[in-house]
Amino acid sequence: MKITLKVWRQKGPSDKGRLVSYVVDDVSPDMSFLEMLDVLNERLILTGDDPVAFDHDCREGICGMCSMVIDGTPHGPQRATTTCQLHMRHYKDGDTITIEPWRAAPFPVVKDLVVDRSAFDRIIQAGGFISVPAGSAPDAHSMPVAKNDADDAFDAATCIGCGACVAACPNGSAALFTGAKITHLGLLPQGQPERMARAKAMVEQMDAEGFGGCTNTGECVAVCPKGISLDVIGRMNADFLKSSK
Amino acid sequence: MNRIVDYTVGEPIRDAKAPTGPIEDRWETRKFKARLVNPANKRKLHVIVVGTGLAGGSAAATLGELGYRVTSFCYQDSPRRAHSIAAQGGINAAKNYRGDGDSIYRLFYDTVKGGDFRARESNVYRLAQVSVNIIDQAVAQGVPFAREYGGLLDTRSFGGAQVSRTFYARGQTGQQLLLGAYAALERQIAAGNVTMNTRHEMLELIVSDGRARGIVVRDMVSGEVETHLADAVVLATGGYGNVFFLSTNAKGCNTTAIWRAHQKGAMFANPCYTQIHPTCIPVSGEYQSKLTLMSESLRNDGRVWVPLAKGDARAPGDIPEDERDYYLERIYPAFGNLVPRDIASRAAKNVCDEGRGVGPGGLGVYLDFADAIERLGRDAVEEKYGNLFEMYERITGEDPYRQPMRIYPAVHYTMGGLWVDYDLQSTVPGLFVIGEANFSDHGANRLGASALMQGLADGYFVLPATIGDYLADAHRFDPVDDVAVAEAEISVRTKINRLLSINGTRTPDSFHRELGRIMWEFCGMERTEESLNKALELIPSLREEFWRDVKVSGTAEELNQVLEKAGRVADFFDLAELMCVDALHRTESCGGHFRAESQDADGEALRDDEHFAYVAAWEWSDQGPILHKEDLEYEYVTMTQRSYK
Amino acid sequence: MAVTGAILVLYLVAHMLGNLKIFLGAGAFNAYAEWLRTVGEPAVPGRTVLTLTEIVLTVAVVLHIWSAVALARRAGKARPVKYAARPKAHASRYATHIMRYGGLTIALFVVWHLLDLTFGVVNPAGGAAAPYDRVVESFDLSRWYVTLFYFVAVIMVGLHLRHGIWSAFQTLGMTTHRTRGRIRVASALLSAVLVLGFLSVPVAVMIGVVK
């Protein structure tokens, strides 16, 4: 297949950036999207051009490193799939694909398609944990957890922190990410002592980072590679309002 | 300039510093005898931790909790992304919550045996003891393990174990455990006890006055070369499976940190022990950048086969039953499709070598669920394996409900690593190595669901207890030698400048790919004296070509992923050579190391306990590696030959 | 946003119920309008309740708009660089548009609506006419464009509420996994009832049931 790419190129945070077109021949339908970019980069290196910088690591859909908006959709057209697991068989010969970085003020572009997502780490630092120093834990069976709660907590905990939710949200809100962690810990008995303080601190940090407000558009859920549910935002709001009383 | 590396034999290692006495008391003894550091002094002691996976993340968090001043580094954009996150199956612990006869002793026994009698008894026993604390810790942190309706933790049997001791969180146990450690780490960062440096890559170890006192890193965003000094350095940088280019490791996994440490005096133990996982999705083309693991559990219901005839190009559905070879069931009637990883992998390679492989390039075998679907119904199969089937279809575009999956073995884990003593200290004082980066607990073969256990045992419980004994002397350390620091910085800058100045005609990736092919072909699943010698001929010449003809674009003062890659590939060459030397010298077969010359009449791996019941610890020298043997003694477990017929 | 929205929704329900009195005849409708002015008498002076209601509504509308503007500004700041590729609708992007542009349409309509039927400034019957006459005159067939605007605006209100009502529950943390679906359905139903209720009056005028 022959694919035309329009890729966002930006030398650094202060560079203005622009879309640049490249043509990649010999794209195999069995290639992953990132392998297609590898092919482009190998060529760019040899012609002395700067290869396209993009974040990636595990390439099996779990590390949350890959982050590109493909034709306007974070992680591309396949539902519940990260960019690294998207394959070229979803495209056809002659297609043109536009690739851009996550767009959000709290995720400044580092270079090309690479953005700085440390804002997410700071939201976790604000309270996304249960305070239990190593070695101080009671026996694991001393506190049973209802299976439903454990399952729901797990569903929320599958968040990979990629930031697609923010990238897709018309408001640039991080409510799905923050709500997922608040829900995961808030559903478990172990998370109760810090629950309200956690919700308050994390929401305040989220706002301080400059993310937009949630208007429940559901765009985040539609692009989330792990299918995190809007429930988590409802729970976050409930805990936050209670904590503010 | 093709040279075949020769090695010399040095002094044996006589003491790995494990306490003596009954095995169940040794860890308590060690903890009690370890000197403590006054809480007021801990604040003044500075520890560097490189890597933020299960081992590094948990160690940095725990050292922070204890009051040390910790600086942590990772090459990813967040500590949460380390490749521990991809572990699927679960984590073993001798909780015996099922009452099915499990015990610390049984986990210890299974691990020593599973490691094909090439691990230390004292270490493995401690691992089994600590395993129970890990589960407690993780649950208290909010790790959402699978539970039963009564609210208690669910467990399953894994990797052929006869007891249900594997705790799991669906197929994402590694992710959940890592996020637990990450949360603990972030808590310490918020408390000011840990300083985190993401997108930083360690490029050199600073050894001053014989002690590890710091590291040189490159800020991968600005390109700045920075020096960080400390009282001790902990490496938790994972395994080196990417020396094969294609593996189940993350793309960024590399050997640079441990290889730099090795060149600064840390011995490298058992580099040739490589675990090859039998159920991965096969390579689809030249562009392939990584391999994806399909959970081992698939072999519980899938049947493995290839066509009887060579080069049979018919679609699998068109091959009649009597023209199929269910080779695992044929060769291993007792265990059938459930033989251990190393045996299943090698059998697949053998049938493909015979020309009976399927799919592109003939490198694949069928894993067929037709029988299971007929027996259990499609719904039941979907219930059990739905997510895996979906992942397979996403990657291959083939529907495993309608045609058999194609699978092939892939490099998955490296049991070798830097040599450490019972305290997890390397041969460089003050340099501690934890997790997959060290060699310690798995012997020649790692059992399923044991990697997570070891990483967390090292990070949460073992290292925090032993490092204090070393740091208790820190007030007597000399100031760090400026010359040592300057030398380390210069060596880093020199290497970077050299890579940038070559301006050749091949990309770092193309060299890496070729190195990987050499390693897979000649130092992969089956090794012979001839193949290893061949590899030792090819590697140096490829390395020579690399340093003459590699092309690294861009500059050092920016985010430059090509430069990062080139530096890592350069170190893989040296490691690859040592792996081959180690594999060549170990003329026995054991665990993840199969020498074709050492097999029994049925073609099974044959150990040579008389000559090789030792850890091969290699010392770096310009004149070629020096072998130091640490003899392994078995007081509790009797050495036997494995059989799965 | 959610709290002020809730006040406005409650008002709309009352408003619609009041409107439907038109089907009971001119007398009942005008009496109802009069009652709105005299309710609470003689405990409190005339128009007290109505004035209080008007104040609350005005404050709610102002705060609602103020919140909307603040949210939109925050959204703008959170994404200073827009996507070049036209973002496809992943979920219900219409929700954003309906809330922002729909909200604006509704605001403009409310101004017209007040001038028309409350103050009578733009009403053919004039401000002094009885409420019933004002309604009939307003929706006279000769003023089809006014009626059309009314239709568009009421449907906008319906769409606005369809997202707005459940969204308010979600923002106030009153949704759970089990209830969210039901709340969304209930929001849609209530919105539909309001739309039908409000539209029944002009339709009735046009087809001559109310004259």
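All values derive from a computational prediction rather than experimental measurement. In the text below, chain A, chain B and the rest are named by the order of the sequence lines, each starting its count at 1.
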Just how far is it from atom [atom1] of [X] to atom [atom2] of [Y], taken to the nearest 0.5 Å?
X         : Y         : atom1 : atom2 : answer
His83(B)  : Cys63(A)  : NE2   : SG    : 8.5 Å
Arg506(B) : Ile45(A)  : CZ    : CD1   : 12.5 Å
Leu34(A)  : Lys251(B) : CG    : NZ    : 10.0 Å
Leu44(A)  : Thr507(B) : CG    : OG1   : 11.5 Å
Arg81(B)  : Met65(A)  : CZ    : CE    : 6.5 Å
Glu390(B) : Gln85(A)  : CD    : CD    : 10.5 Å

So does [Y] get a backbone contact from the side chain of [X], meaning a donor-acceptor N/O pair under 3.5 Å?
X         : Y         : answer
His141(A) : Leu153(B) : yes
His184(A) : Gly142(B) : yes
Gln141(B) : Val132(A) : no

Does a sphere of radius 6.0 Å around [atom1] in [X] hold more than 12 heavy atoms from other residues, nucleotides or ligands, not counting ones at 6.0 Å or beyond?
X         : atom1 : answer
Glu398(B) : CD    : yes
Lys200(A) : NZ    : no
Lys147(A) : NZ    : yes

Original post:
Does any heavy atom of chain B fall under 4.5 Å from the side chain of Met143(A), the backbone, both, or neither of them?
Top reply: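 When you check distances to chain B, only backbone atoms of Met143(A) fall under 4.5 Å.
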Original post:
What part of Asp139(A) gets closer than 4.5 Å to chain B, counting heavy atoms only: side chain, backbone, both or neither?
Top reply: both
Which region of [X], side chain (C-beta onward) or backbone (N, CA, C, O), has a non-hydrogen atom less than 4.5 Å from a non-hydrogen atom of chain A, or is it both or neither?
X         : answer
Phe167(B) : neither
Gln137(B) : both
Asn133(B) : neither
Arg199(B) : side chain

Original post:
Is it the case that Thr292(B) and Glu60(A) place a side-chain donor and acceptor less than 3.5 Å from each other?
Top reply: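 Judged by distance alone, the side chains do not pair up.
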Original post:
If every non-hydrogen atom of Lys111(A) is compared with every non-hydrogen atom of Glu558(B), which pair is closest and at what distance?
Top reply: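 Lys111(A) and Glu558(B) have their closest heavy atoms at NZ-OE1, 3.3 Å.
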Subject >> Smallest separation among heavy atoms of Glu65(B) and Pro133(A), with atom names >> reply: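 So the minimum-distance heavy-atom pair works out to OE1-CA, 3.3 Å.
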Original post:
Checking side chain to side chain contact (heavy atoms under 4.5 Å, CB included) against Gln125(A), which of Arg187(B), Met196(B), Glu186(B) comes through?
Top reply: Glu186(B)
Subject >> Lys290(B) bridged to Asp57(A) by N-O distance under 4.0 Å >> reply: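 No salt bridge links Lys290(B) with Asp57(A).
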